[in-house]
Protein chains: 2
Amino acid sequence: MEMIGRIAGVSQVTVSRALSDPSKVSPATLRKIQDAIAATGFVPNALAGALASRRSRLVSTLVPSITNLTYSSMVKSFAQEMRAQGYQIMLSECGFDPAEEEAAVMTHLSRRPDAMLLVGTRHSANTRKMLLAAGIPVVEVWDITDTPIDLCFGFSHPEAGKAAARFAAGAGYARAACVGASDERALRRKEAFRAEFRALTGTEVPEARFESEASLGIGRAGLARLLDTEGFEKGVVFCSSDLVAHGVLLEAASRGLAIPGDIAVIGFGDQGFAPDTFPPLTSMRVDRGALGASAARAIFDRLDRGHSAPIVTDIGFEIIRRESA
Amino acid sequence: MEMIGRIAGVSQVTVSRALSDPSKVSPATLRKIQDAIAATGFVPNALAGALASRRSRLVSTLVPSITNLTYSSMVKSFAQEMRAQGYQIMLSECGFDPAEEEAAVMTHLSRRPDAMLLVGTRHSANTRKMLLAAGIPVVEVWDITDTPIDLCFGFSHPEAGKAAARFAAGAGYARAACVGASDERALRRKEAFRAEFRALTGTEVPEARFESEASLGIGRAGLARLLDTEGFEKGVVFCSSDLVAHGVLLEAASRGLAIPGDIAVIGFGDQGFAPDTFPPLTSMRVDRGALGASAARAIFDRLDRGHSAPIVTDIGFEIIRRESA
DNA sequence: TTGTATGCGTTATCAG
DNA sequence: CTGATAACGCATACAA
């Protein structure tokens, strides 16, 4: 900036002002400064700016997996909203393990983000401590809890599982099974589903569970296992995600089974592709776009008005019935 | 650090050294410093560190879309490699528009990344200028060019299209069509496919092209359009991505068409799910994992040994024949 | 509207 | 092995 100032015939401070608030500089000098910037290709050092102003305009975003559409689609809307307000997001993948998350949180905090977005509500004690000490707005999304760190937007996973079970029983399915990856939130949905379905129909609910991430492959292998070794012959399959559900659909098709006559399928997440599977997938919708946008707005509010008490917002879910169940 | 130093009975500088290179500090003082850090929950300010050392340990990564598995799976391996060496990536989505990319590049450069990864080789003149002026290693991936900015790892899209056409003609398909999104690289593959297939068989290649991002929906709508309004009845469909190809598969299934008897399908990218579609998808494999890792290693090399001449590396592609074609 | 002085929290350089 | 000192490039408070 000192260079630019020299060229434009003003001081470094004036250059700084021209960049941060052009209205505080006379039109004439503003022009000269802009010309000098264009001529030199000057790019302001945001690192120095952040250090001096104690505001980085950076918002950390930690998700379990960047290749998982569930999270990336939420990040997309969140990032868009943030960018519109001049904030940039720092995205990192931190797996489903709290210890890994803790390391990521520390790394991110060292960059002095203005706020942080986390997925889920189960964090290590140290993670909570660091976050609280950082004194920045923190948003936990995609789950709810009685003990939020700060802001929280999500829904009850056990309630979602129960709702799916009631839907399944109400639709007349006498038997049910579950297929899924073993991420902690999916497990809670699944257990609630099994308990509720058993309570409603009196029948046990077999399951096929995998350690790997959600994929079509899990869905196919899952239905195969249910059919071949778990004695499941006919009924509805509640899946941990739409991707897994799609795999179940494909495995059923490859075996010539009727959907939903022989095998009915319920997904989770209502991804964009759910209406385009064959047959169209019945799923549970969570408004990810609104979630990302709400989280962003809540952060702006905190940033403007300062800290206040923790707030938990239940955004709910909705069963979208299509042809698969 | 001054605080920590006071508690540990040493100067601020010693604390800095204890953190950056513990071996330069005596075991006794190191312990005292570590204890003080643990007691206070001190998190070093990486912003200040970067400003002073002129190294941010940040690598910018710009991709067209974070929800597109093609890119996110590459970023995953790249980020992993980077993190292993103590670098963190700053990921941003910049669409398929060079102007949007330019804005993102500027924003990122203001954060003073140590290197930058870009997808594609078509950038605005100003983007090139800024990147060159930044004096950092730049890697362009997923395409090759005669005029790289710095490092480049990718493959020839026209060659990929031609190879697909030769495969299709060689497999005996008399008719072909294309379905896809209209990202610039996919368009070049498609045009090369059409030209080559026409040259080999003498038949025209109809196409269904969409402006929206790749999805199952475009694949379904694409085949529907080819069948219903383009007079395409039977043959092989070359798709812009595996996701679109899967959509074509589903549309064919929903119409009771035989695959590959009536409609054969070739995808692109050989995503993890390609073997799990029904029937398994024939696709073109590009080694994304190796690409990400190579890009990372090339950056480390530049960072260590300093700048040298631009290097373009063609990583090629491979047709993976499964049952869909 | 513009300039001066000062500090943000580190690392680098040099000296002890 | 440790410490003093000077940057790093900008924003803020205050003065003119």
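All chains are named by letter (A, B, ...) in the order of the sequence lines, taking the proteins before the strands, and each is independently numbered beginning at 1. Computed over heavy atoms, backbone and side chain alike; hydrogens, waters and symmetry mates excluded.
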Legend entry - Nucleotides bounding contact with chain B, strand DNA chain D, heavy-atom threshold 4.0 Å: D:dC1 to D:dG9
Legend entry - Gap between atoms CD1 and P, on B:Ile37 and C:dT10 respectively (whole Å): 10 Å
Inset, instruction - Whole angstrom is fine here: how far is it from CG in A:Asn45 over to P in C:dT11? - result: 16 Å
Legend entry - Polar side chain donor-acceptor pair, A:Gln88 to B:Thr107, under 3.5 angstrom: no
Inset, instruction - Would you give the length of the straight line joining atom CG of A:Leu132 to atom CE of A:Met130, rounded to the nearest 0.5 angstrom? - result: 11.0 Å
Inset, instruction - May I ask you to check whether A:Arg288 and A:Ser73 show a side-chain donor-acceptor distance below 3.5 Å? - result: yes
List every contact pair, protein side and nucleotides 1-5 of chain C side both N or O, where the distance is under 3.5 Å.
{"unit_1": "C:dT2", "atom_1": "OP1", "unit_2": "A:Ser26", "atom_2": "OG", "d": "3.1"}
{"unit_1": "C:dT2", "atom_1": "OP1", "unit_2": "A:Thr29", "atom_2": "OG1", "d": "3.3"}
{"unit_1": "C:dT2", "atom_1": "OP2", "unit_2": "A:Ser26", "atom_2": "N", "d": "2.9"}
{"unit_1": "C:dT2", "atom_1": "OP2", "unit_2": "A:Thr29", "atom_2": "OG1", "d": "3.1"}
{"unit_1": "C:dG3", "atom_1": "OP2", "unit_2": "A:Ser11", "atom_2": "N", "d": "3.0"}
{"unit_1": "C:dG3", "atom_1": "OP2", "unit_2": "A:Ser11", "atom_2": "OG", "d": "3.1"}
{"unit_1": "C:dG3", "atom_1": "OP2", "unit_2": "A:Thr14", "atom_2": "OG1", "d": "2.5"}
{"unit_1": "C:dG3", "atom_1": "N7", "unit_2": "A:Arg17", "atom_2": "NH2", "d": "2.6"}
{"unit_1": "C:dG3", "atom_1": "O6", "unit_2": "A:Arg17", "atom_2": "NH1", "d": "3.2"}

Legend entry - Sidechain N-carboxylate O distance under 4.0 Å for B:Arg128, B:Glu101: no
Inset, instruction - Using a 4.5 Å cut-off on heavy atoms from C-beta on, say whether the side chain of A:Asn126 contacts that of A:Val105. - result: no
Legend entry - Proximity to DNA chain C (any heavy atom under 4.0 Å), residues of residues 106-115 of chain B only: none
Legend entry - End-to-end axis angle, where each axis spans five pairs of the helix from C:dT1-D:dA16 to C:dG16-D:dC1, to 10°: 30°
Inset, instruction - Using whole Å, report how far CG of B:Asp21 lies from P of C:dT10. - result: 17 Å
Legend entry - Ion pair B:Asp35/B:Arg31, N-O distance below 4.0 Å: yes
Legend entry - Non-hydrogen side-chain atoms of B:Leu62 and B:Leu117 separated by less than 4.5 Å: no
Legend entry - Side chain proximity check, B:Pro27 to B:Leu30, heavy atoms < 4.5 angstrom: no
Inset, instruction - Would you check if the side chain of B:Arg54 reaches a backbone N or O of B:Leu51 as a donor-acceptor pair within less than 3.5 Å? - result: no
Legend entry - Partners passing side-chain contact (heavy atoms from CB on, under 4.5 Å) against A:Ser23 (at least two apart in sequence or in another chain): A:Asp21
Legend entry - Heavy-atom side-chain proximity of B:Lys129 to B:Leu131 below 4.5 angstrom: no
Inset, instruction - Inspect the contact between A:Asp143 and A:Arg122 and indicate whether a charged nitrogen and a carboxylate oxygen are less than 4.0 angstrom apart. - result: no
Inset, instruction - Establish, yes or no, whether a centroid distance under 6.0 Å links the rings of B:Trp142 and B:Phe155. - result: yes
Inset, instruction - Answer whether the closest heavy-atom distance between the side chains of A:Cys152 and A:Thr313 falls below 4.5 Å. - result: no
Inset, instruction - Quick one: pull up CZ in B:Arg83 and CZ in B:Arg57 and give me the separation to the nearest 0.5 Å. - result: 15.0 Å
Inset, instruction - With a 4.0 Å heavy-atom cut-off, tell me which residues in residues 47-54 of chain A come close to DNA chain C, sorted by residue number. - result: A:Leu51, A:Ala52, A:Arg54
